[in-house]
Amino acid sequence: MNEKYFPEAIEKKWQQRWEQQRAFEARENDPRPKFYALEMLPYPSGYLHMGHVRNYAIGDALAWYKRLQGFNVLHPIGWDSFGQPAEQAAIKRGVNPRDWTEENIAHMRGQMKRLGISYDWSREIAAHRPDYYKWDQWFFLKMFERGLAYKKTSQVNWCPKESTVLSNEQSSGGVCWRCGTAVEKRDLDQWFLRITDYAEQLVKDIDEIESGWPEKVLKRQRDWVGRSEGAYIDFAEKNSDKKIRVFTTRIDTIFGATAIVLSTEHPLLAELLAGSTLQADVFRFAEKVKAARLAKQDPTAEEAKKGINTGALAINPFNGESLPVWVANYVLMDYGAGAVMSVPAHDERDFEFAQKYTLPIRQVIAPVSHDQARAEPMAATGGDQSQMMHQAFTDYGVLINSGQWGGKLSEDAIREMAEYAEAKGFGGAAVTYRIRDWGISRQRFWGAPIPIIYCDNCGMVPVPMADLPVVLPATAEFTGAGQSPLAGVAEFVNTTCPKCKRAARRETDTMDTFVDSSWYFFRYCDPRNETAPFDPEIVKQWTPVDQYIGGDSHAVMHLIYTRFWTKFMRDLGLVSFNEPVKRLLTQGMVTNRVEGTEEWKAMSKSLGNGVDPDEMIEAFGADAARLFVLFAAPAENELRWIETGIEGAVRFLRRVWTIVWRWRDQLKAGSLGSQRSQDFSDAARRLRRKTHQMIARVTEDFEKLDLNTNVAALMELLNVLTDMQVRLDLNRDLPMGMTQEMLRGDLDAFGEAIETLVVMLAPFSPHIAEEMWEGLGHADGLLSGQRAWPVADPELARQEELEIPVQVNGKLRSRILAAPDVTEEQLRALALADEKVRALIDGHQVVKVIVVPQRLVNVVVK
RNA sequence: GCCGGAGUGGCGAAAUUGGUAUACGCACCAGACUCAAAAUCUGGCGAGGUCACACUCAUGUCGGUUCGAGUCCGACCUCCGGCACCA
């Protein structure tokens with residue numbers, strides 16, 4: 001330790017020492033309790049940005065804290081290294097995606113090391129390496145065996161800019177999640193994973209993680225799965241034996257149905273129209289709708305409702321009424337049954353449709369008047385049918401014009417009518433989900449090849465497990481056109497059929513990279529396993545993840561996939577739990593002012609408001625940069641980058657450094673931390689109290705991951721230490737009333753506080769903490785290897801004297817001093833005796849006195 | 001449109017979950033050191049008011065509950081996210 005704080009030198013020093021001593025390598029079969037701290041693995045785009053720094057600083061603070069507390073901590077990192085940007089670089093600049101990716105990884109790894117993040121580098125993995133993606137393929141085949149991976153032709157989301165398919169999750173909002181381009185619809189032959197089989201579990205198991213995940217993420221997970229309870233009903237077509245099934249959440253409105261409306265893609269359509277004179281018109285209409293959908297410029301824009309009558313009739317099984325069967329553009333084939341019963345009076349869309357085509361609007365639900373709701377439901381408006389409806393009434397209410405169900409409340413009718421339908425055999429209660437199967441085919445080169453072979457004799461044949469991995473060829477021709485570059489690599493495509501050994505062709509689509517990231521944190525546990533994705537016994541020692549940290553941009557995509565994958569692995573017997581992540585923290589964005597504007601936006605190259613972590617490290621040191629990003633705002637909040645803020649962080653570190661440097665010899669020589677002295681001065685007792693209060697506070701805040709207030713506590717402790725330091729100086733000549741023992745006590749208290757500060761600083765700024773720890777005479781080993789986290793002594797932390805606020809009629813008027821064990825009675829008496837209080841209550845009648853023990857007194861007067 | 005979340009000094013933010021509002025930091029002001037500046041150290045810093053106290057007002061707005069409300073309830077305003085015809 002030198003007199004001056006030079007971050008560069010000490011950061012390099014400790015980074016080397018940590019590496020030499022393998023300080024952060026986690027080992028299995030350790031008797032200590034485990035802790036799995038995980039940050040979302042980065043895409044190797046080339047450079048770290050401040051968002052990464054924030055992510056890793058949060059995770060590392062937690063890893064350090066747990067390590068210092070004596071946990072066996074697993075803190076790994078890897079690379080989500082398959083994906084579009086590498087291929088774009090190949091298309092634009094002719095570089096090989098693999099070289100580009102490897103170079104980026106090398107550079108970013110260097111940046112991470114310069115930040116001094118305590119990763120276990122021995123477990124580093126990268127998705128683009130065959131020893132990793134082999135297991136993506138293995139999982140795919142396991143799903144294929146179980147019918148969970150399948151191929152079908154369907155309308156998919158197509159990003160025209162990247163020439164590839166996107167999953168529903170990746171085209172949420174109608175735009176590509178990566179480049180923001182509006183997606184188009186295309187008909188393509190695609191591979192899907194049956195995530196819908198797990199829809200119910202994806203909703204239900206939220207119970208298990210409810211307490212550990214942010215509410216907003218859980219909400220989005222629930223919304224995405226879109227569980228909806230309702231009923232299905234079969235309407236018999238009048239002139240055939242066909243049944244038209246509809247799904248509704250409002251079976252109670254069925255007496256108000258005035259049409260059945262099918263999606264243009266409904267499979268029954270052709271049969272219903274067979275021989276009809278309207279056939280040609282309806283088909284033409286369906287084609288037009290489809291064309292409009294494919295050509296839509298803004299996919300989120302709603303189109304005007306359009307429809308056409310098919311001439312067919314369907315019979316309402318509840319009242320035998322014949323309803324016209326229509327086809328319309330607003331009914332979606334891939335939700336519910338692809339057909340709806342149109343109830344214009346009680347559904348806004350149906351209302352709009354009915355108005356346009358002058359279909360009858362029949363009210364069957366009336367608002368309920370509240371006083372009568374309980375005893376005997378009654379229509380508040382009387383339900384006059386002749387009344388014109390100006391808009392749909394979509395609330396629950398009382399059934400009217402509904403035969404035997406009239407007078408019932410919607411809630412009851414929904415249940416009873418579904419039971420009735422089931423008893424009569426034409427329907428029943430049902431649950432539908434909004435979530436669709438996960439389309440994983442990508443017409444790209446830089447991904448894991450889908451291990452399927454097409455044979456003219458045997459059809460679709462899975463690659464035998466023993467032949468994995470299906471290795472990506474070294475290169476291909478990158479044109480950016482809408483076909484996988486793999487299709488142009490003859491050596492790759494041409495193969496032999498595993499079954500009949502005749503010539504066959506490989507699947508040329510690759511997998512969505514979200515497959516790679518769905519299970520990577522299990523691989524960290526056993527990263528070099530060559531015979532399985534991982535050994536379940538080893539994984540059991542580390543998982544589930546105790547704390548996961550990442551941006552909320554993955555609130556739906558990655559997190560729903562990885563939950564799905566975990567459930568599948570559970571079904572394979574690889575893991576024994578339902579949910580992979582116990583606690584999740586979604587960090588806020590790091591923003592910076594966009595030059596020339598008042599706007600704060602996420603740092604980005606295109607906006608020119610990026611801040612380079614390397615420059616920050618060079619100018620202020622990694623310790624200061626990390627400290628600042630943790631201190632500046634709560635982890636979930638947006639973090640606005642302010643240059644003077646990081647200067648403040650350096651200032652704090654320098655102040656700590658200076659005080660440690662100044663006192664290190666005396667503290668080394670003294671009874672540092674042993675608290676041998678029995679006689680403490682008032683000032684020393686005050687310092688010890690503060691020290692132990694801060695230990696308690698920082699420890700608590702760590703459990704809540706309130707890192708910003710944590711740093712504030714460290715600053716407070718330093719402020720108190722600084723005051724004490726002045727005192728120690730003045731007392732060098734042992735003034736009156738001060739014994740040698742007391743001076744020694746002062747030094748003890750001081751040493752305890754300093755050591756506490758150094759240890760508690762380590763999770764935020766580890767290099768300087770190691771250096772100061774060494775400077776304080778701990779030559780025996782790394783701070784990172786110690787179980788050094790202090791434990792608060794409640795006795796010492798307790799106030800010796802309380803300052804109790806006294807209110808008169810709820811307004812603060814005075815403060816009184818009292819011992820901590822003061823009784824309520826005493827407090828009351830003290831408050832009433834207080835001069836200021838007496839002046840105020842003089843001439844008034846004291847109505848009552850409220851005493852909150854140890855807290856406050858409120859005198860109520862009239 | 002529907003569903004969430006949030007509004008506290010000039011700024012980032014605290015507040016033991018109903019009990020001293022504004023901790024900690026940034027910025028700013030003053031002083032010390034310096035020939036001077038930077039750095040550093042010390043002090044000040046919600047608004048009004050006062051020589052200084054006292055006092056009054058202040059947690060988006062308006063009401064309510066309570067001895068007591070940033071915190072609970074109701075209505076409204078503003079901002080930020082999410083979803084997009086989901087039957």
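All chains are named by letter (A, B, ...) in the order of the sequence lines, taking the proteins before the strands, and each is independently numbered beginning at 1.
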At under 4.0 Å between heavy atoms, what does [X] touch on the DNA or RNA strands: base, sugar-phosphate, or nothing?
{"X": "A:Gly226", "result": "nothing"}
{"X": "A:Thr722", "result": "sugar-phosphate"}
{"X": "A:Asn719", "result": "sugar-phosphate"}
{"X": "A:Asp350", "result": "nothing"}
{"X": "A:Glu803", "result": "base"}
{"X": "A:Arg640", "result": "nothing"}
{"X": "A:Lys305", "result": "base"}
{"X": "A:Val340", "result": "base"}
{"X": "A:Glu716", "result": "sugar-phosphate"}

Taking [M] as the reference, what is the distance to [N] when you measure between their [atom1] atoms (whole Å, please)?
{"N": "B:C26", "M": "B:C80", "atom1": "P", "result": "30 Å"}
{"N": "B:G31", "M": "B:U56", "atom1": "P", "result": "34 Å"}
{"N": "B:U22", "M": "B:A32", "atom1": "C1'", "result": "29 Å"}
{"N": "B:A69", "M": "B:C57", "atom1": "P", "result": "13 Å"}
{"N": "B:G9", "M": "B:A23", "atom1": "C1'", "result": "13 Å"}
{"N": "B:A27", "M": "B:C11", "atom1": "C1'", "result": "7 Å"}
{"N": "B:C76", "M": "B:A84", "atom1": "C1'", "result": "27 Å"}
{"N": "B:C77", "M": "B:C28", "atom1": "C1'", "result": "32 Å"}

Please give, in whole Å, the distance from [N] [atom2] to [X] [atom1]?
{"X": "A:Gln355", "N": "B:C85", "atom1": "CD", "atom2": "C1'", "value": "16 Å"}
{"X": "A:Lys216", "N": "B:G81", "atom1": "NZ", "atom2": "P", "value": "11 Å"}
{"X": "A:Asn710", "N": "B:A15", "atom1": "CG", "atom2": "P", "value": "11 Å"}
{"X": "A:Glu647", "N": "B:A38", "atom1": "CD", "atom2": "P", "value": "14 Å"}
{"X": "A:Phe628", "N": "B:G12", "atom1": "CZ", "atom2": "C1'", "value": "8 Å"}
{"X": "A:Gln799", "N": "B:U16", "atom1": "CD", "atom2": "C1'", "value": "13 Å"}
{"X": "A:Tyr396", "N": "B:A87", "atom1": "OH", "atom2": "P", "value": "11 Å"}
{"X": "A:Phe351", "N": "B:G1", "atom1": "CZ", "atom2": "C1'", "value": "16 Å"}

- For the base of B:U40, is there a side-chain donor-acceptor partner from A:Arg655 under 3.5 Å away?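 In this structure, the two groups form no donor-acceptor pair.
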Using a distance-only test with no angle check, is there a side-chain donor-acceptor pair under 3.5 angstrom linking [X] and [Y]?
{"X": "A:Arg655", "Y": "A:Asn719", "value": "yes"}
{"X": "A:Thr823", "Y": "A:Gln826", "value": "yes"}
{"X": "A:Arg563", "Y": "A:Gln221", "value": "yes"}

- Taking the six-membered ring for Trp, is the centroid-to-centroid distance between A:Phe652 and A:Trp657 below 6.0 Å?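 Aromatic pair excluded; centres sit 6.0 Å or further apart.
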- Message: Under 6.0 Å between ring centres: does that hold for A:Phe318 and A:Phe426?
- Response: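 Here the rings of A:Phe426 and A:Phe318 have centres that are less than 6.0 Å from each other.
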Does the side chain of [X] get closer than 4.0 angstrom to OP1 or OP2 of [N] through an N or O atom?
{"X": "A:Asn708", "N": "B:G12", "result": "no"}
{"X": "A:Lys848", "N": "B:G68", "result": "no"}
{"X": "A:Ser228", "N": "B:A87", "result": "yes"}
{"X": "A:Arg813", "N": "B:C55", "result": "yes"}
{"X": "A:Arg828", "N": "B:C67", "result": "no"}
{"X": "A:Asn858", "N": "B:U66", "result": "no"}
{"X": "A:Arg654", "N": "B:U40", "result": "yes"}

- Select from A:Val331 and A:Arg220 the residue whose nearest nucleotide in RNA chain B is closer to the 5' end of that strand.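 Of the two residues, A:Arg220 wins.
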- Item | Residue whose closest nucleotide on RNA chain B lies nearer the 5' end, A:Glu638 versus A:Arg250 |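 Mapping each residue to its closest nucleotide by heavy atoms, the 5'-most match is A:Glu638.
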- Task: Validate the cation-pi geometry between A:Lys305 and A:Tyr330: distance from NZ or CZ to the six-membered ring centre under 6.0 Å, angle to the ring axis within 45°.
- Result: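 Pair A:Lys305/A:Tyr330 counts as cation-pi.
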- Task: Answer syn or anti for B:G9, where the cut-off is 90° from 0 on the glycosidic torsion.
- Result: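 Glycosidic conformation of B:G9: syn.
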- Query: How would you label the glycosidic angle of B:U16: syn (within 90° of 0) or anti?
  - Reply: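 The base of B:U16 is oriented anti (glycosidic angle more than 90° from 0).
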Partner nucleotide, any strand, of [N] [Watson-Crick/G-U, under 3.5 Å]:
{"N": "B:C57", "value": "B:G46"}
{"N": "B:A23", "value": "none"}
{"N": "B:G7", "value": "B:C77"}
{"N": "B:U40", "value": "B:A32"}

- Under a 4.5 Å cut-off applied to non-hydrogen side-chain atoms, are A:Val711 and A:Glu716 in contact?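 When only atoms from C-beta onward are counted, A:Glu716 and A:Val711 do not touch, as no gap falls below 4.5 Å.
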Could you please name the option among [options] that lies closest to any side-chain atom of [X]?
{"X": "A:Phe247", "options": "B:G12, B:G19, B:A87", "value": "B:A87"}
{"X": "A:Lys219", "options": "B:A13, B:G4, B:A23", "value": "B:G4"}
{"X": "A:Arg651", "options": "B:G12, B:A21, B:U40", "value": "B:U40"}
{"X": "A:Lys811", "options": "B:C26, B:A84, B:C57", "value": "B:C57"}
{"X": "A:Ala633", "options": "B:G12, B:G19, B:A84", "value": "B:G12"}
{"X": "A:Tyr335", "options": "B:G19, B:C86, B:C85", "value": "B:C86"}
{"X": "A:Val860", "options": "B:G19, B:C67, B:C86", "value": "B:C67"}
{"X": "A:Arg855", "options": "B:C67, B:U42, B:U16", "value": "B:U16"}

- Have a look at A:His346 and tell me which of A:Val364, A:Thr394, A:Ile361 forms a side chain to side chain contact (heavy atoms under 4.5 Å, CB included) with it.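 That would be A:Val364; it is the only one of A:Val364, A:Thr394, A:Ile361 passing the side chain to side chain contact (heavy atoms under 4.5 Å, CB included) with A:His346.
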- Message: Check this for me: does any side-chain nitrogen of one of A:Arg250 and A:Asp347 sit under 4.0 Å from a carboxylate oxygen of the other?
- Response: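 Not counted as a salt bridge, because no side-chain N and carboxylate O are separated by less than 4.0 Å.
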- Task: Dump the intermediate steps for side chain to side chain donor-acceptor pair (under 3.5 Å) on A:Tyr561 and A:Ser167, then the final yes or no.
- Result: CA-CA 11 Å; A:Tyr561 296 142; A:Ser167 70; 2.8 Å; yes
